[in-house]
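Keep in mind it's a predicted model, so treat the numbers as computed, not measured.
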Protein chains: 2
Amino acid sequence: MPEDAAPTPPGRPPTHPAPPARPQRQPQPQPPAMRADARRNHDRIVAVAGAVIAEHGAEASLEQIARHAGVGSATLHRHFPTRQALLETVFKGRVEALCAKAQDLLPDPDPAAALITWLRAVGAHAVANRGLGASLMQGARDADPALGSTCHAMIVDAGDALLARARQAHAVRPEVTTTQLLKLVSAIALATEREPDGAAEADRLLSLAIDGVRPR
Amino acid sequence: MPEDAAPTPPGRPPTHPAPPARPQRQPQPQPPAMRADARRNHDRIVAVAGAVIAEHGAEASLEQIARHAGVGSATLHRHFPTRQALLETVFKGRVEALCAKAQDLLPDPDPAAALITWLRAVGAHAVANRGLGASLMQGARDADPALGSTCHAMIVDAGDALLARARQAHAVRPEVTTTQLLKLVSAIALATEREPDGAAEADRLLSLAIDGVRPR
DNA sequence: ACGGTAACCGGAGGGCCACCCCGGTTGTCG
DNA sequence: CGACAACCGGGGTGGCCCTCCGGTTACCGT
């Protein structure tokens, strides 16, 4: 084995992390494809992790996930060197859906309403999939951009477009940033996600934060 | 040992949890005083826990606290059957200070400003003492009122007075509750408490939530 | 002053977890 | 079809939370 510190560390993230179905593509976008069994394990881990996390929250036991997926814990750690990496992969689909929703809302005639609708959707997803909010906020802190904070970057980009339009229409305070809004939504989700009726309470708190504490 | 399930479970909370120095007092407010060594250990654990939690956050290792206090982990668990109980004791002083501040702000001529000032103070304390916010929110979920949710009850009562005055002056939306406001503040603190400059960011987010996203 | 008693202490151990090492296995490519 | 490298996972390490139990010590009555 060459001992140079390649750009991909020993437990390298899968160079081909399973885009669900994309037959049309240039022949070799990424030369070193995964071995078949490796990919199979990877996908099973992601599937099981989604189920377990949905039920037990984001700090579910990694060993339990590995056991339930029928692989050794070492395999899980090889595929996902950190818990955050696993969460990013699991929530990738949800985040992509939210980004798509942002795109759909862009041509809305009322930019403020579009932004607020989207923030509500983000909040709803965050409380529904326990740990998504924490994952997004954690991604905001991760300095290393190469290692997995793609979810955070994606959703910030999507929100930026909506916020820019709303700001241009003077429908939001000019000093507000997308990161702040997402932090607010994530914080509310994180605080309410383990309450009996978290979704409703989260939506109420979000409305309060958007409209302000004072009346009119 | 009698096997009946007495109202106080085996690891009973200290009946005399160390009011720092109060020589003048009726002879027997609480008959079963703690033994001297027990109290000494109790106080040392609280002191050390305050320091460790301030540095490492609310989920610091209990064994580490016990080690650093020079007691066995069993002693810590006997004095504080749950982590929440320890946090409550550690943060009691801070919470009392916040309650006192609420009292001081009650006669303020501007009820809305008084409420907002107080919420800011709560937020500042929550980010400064890592874990206080989480502790307050956790207290809100604890169903058992006898076992330690006194901090939450105290601060809700203090906030209720301020909120009632503000509501009477039509300075806040009538449907807002104290619990919601505290949840909002705690959530923001929780989300920002481990950022490089959390205090400033928390204050900005709190302002945003109070004034609303839309301008004017 | 002193002994008896019960409250209290903390070392040791069990169960669970994240993470890593290394010999055996298996997919892949010439 | 055979060799090689990538990959697997059992087992070990260290840490955590929590509990049991034999030894210790403060307290109180005499």
Check whether any side-chain nitrogen or oxygen of B:Asn41 sits under 4.0 Å from OP1 or OP2 of C:dC9, and answer yes or no. yes
A:Gly131 and A:Ala58 have their tightest heavy-atom pair at CA-CB, 3.3 Å
Between B:Arg78 and C:dC9, is there a contact of a side-chain N or O with OP1 or OP2 at under 4.0 Å? yes
In whole angstroms, the gap separating P of C:dC16 from CD1 of A:Ile65 amounts to 17 Å
Note to self: I'd like to know whether CZ of B:Arg130 has more than 12 heavy-atom contacts from other residues, nucleotides or ligands below 6.0 angstrom.
What the structure shows: yes
As a check of understanding: the bend across the helix from C:dA1-D:dT30 to C:dG30-D:dC1, end axes from five pairs, rounded to 10 degrees, works out to 10°
Here the distance between atom P of D:dC7 and atom CG of A:Asp43, to the nearest Å, is 14 Å
From NE2 of B:His42 across to C1' of D:dA26 the rounded distance in Å is 18 Å
Using nucleotides 27-30 of chain C, report all nitrogen or oxygen pairs with the protein that are shorter than 3.5 Å.
{"unit_1": "C:dT28", "atom_1": "OP1", "unit_2": "A:Ala36", "atom_2": "N", "d": "3.0"}

*Between A:Thr177 and A:Gln180, is there a donor-acceptor pair closer than 3.5 Å when you use the side chain of the first and the backbone of the second?*
yes
A:Phe80 atom CZ is separated from D:dC7 atom P, nearest whole Å, by 14 Å
(message) Using only atom types and a distance under 3.5 Å, with no angle test, would you say the side chain of A:Arg94 pairs donor to acceptor with the backbone of A:Ala126?
(response) no
Here the pair of heavy atoms bringing B:Leu182 nearest to B:Ile155 is CD1-CG2, 3.7 Å
Would you check if the side chain of A:Arg167 reaches a backbone N or O of A:Val176 as a donor-acceptor pair within less than 3.5 Å?
yes
**Request:** Mark yes or no for whether A:Trp118, through its side chain, and A:Leu106, through its backbone, hold a donor-acceptor pair below 3.5 Å.
**Result:** no
Rounded to whole Å, NE2 of B:His79 lies from C1' of D:dT19 at a distance of 16 Å
Should A:Arg44 and A:Val71 count as side-chain neighbours, where that means a heavy-atom distance under 4.5 Å?
no
From CZ of B:Arg44 across to P of C:dC9 the rounded distance in Å is 12 Å
task = Considering only NZ, NE, NH1 and NH2 on the basic side and carboxylate oxygens on the acidic side, decide whether B:Glu201 and A:Lys183 come within less than 4.0 Å.
result = yes
For B:His42 and B:Ala38, indicate whether the former's side chain and the latter's backbone hold a donor-acceptor pair under 3.5 Å. no
Do A:Val172 and A:Leu181 touch side chain to side chain, with heavy atoms closer than 4.5 Å? no
Kindly give the atom pairs (protein nitrogen or oxygen, nucleotide nitrogen or oxygen) under 3.5 Å for nucleotides 12-18 of chain D.
{"unit_1": "D:dC17", "atom_1": "OP1", "unit_2": "B:Leu62", "atom_2": "N", "d": "3.2"}
{"unit_1": "D:dC17", "atom_1": "OP1", "unit_2": "B:Arg83", "atom_2": "NH2", "d": "2.9"}
{"unit_1": "D:dC17", "atom_1": "OP2", "unit_2": "B:Ser61", "atom_2": "OG", "d": "3.3"}
{"unit_1": "D:dC17", "atom_1": "OP2", "unit_2": "B:Leu62", "atom_2": "N", "d": "3.0"}
{"unit_1": "D:dC17", "atom_1": "OP2", "unit_2": "B:Glu63", "atom_2": "N", "d": "3.1"}
{"unit_1": "D:dC17", "atom_1": "N4", "unit_2": "B:Glu63", "atom_2": "OE2", "d": "3.2"}
{"unit_1": "D:dC18", "atom_1": "OP2", "unit_2": "B:His77", "atom_2": "NE2", "d": "3.1"}
{"unit_1": "D:dC18", "atom_1": "N4", "unit_2": "B:Glu63", "atom_2": "OE2", "d": "3.4"}
{"unit_1": "D:dC18", "atom_1": "N4", "unit_2": "B:Ser73", "atom_2": "OG", "d": "3.3"}

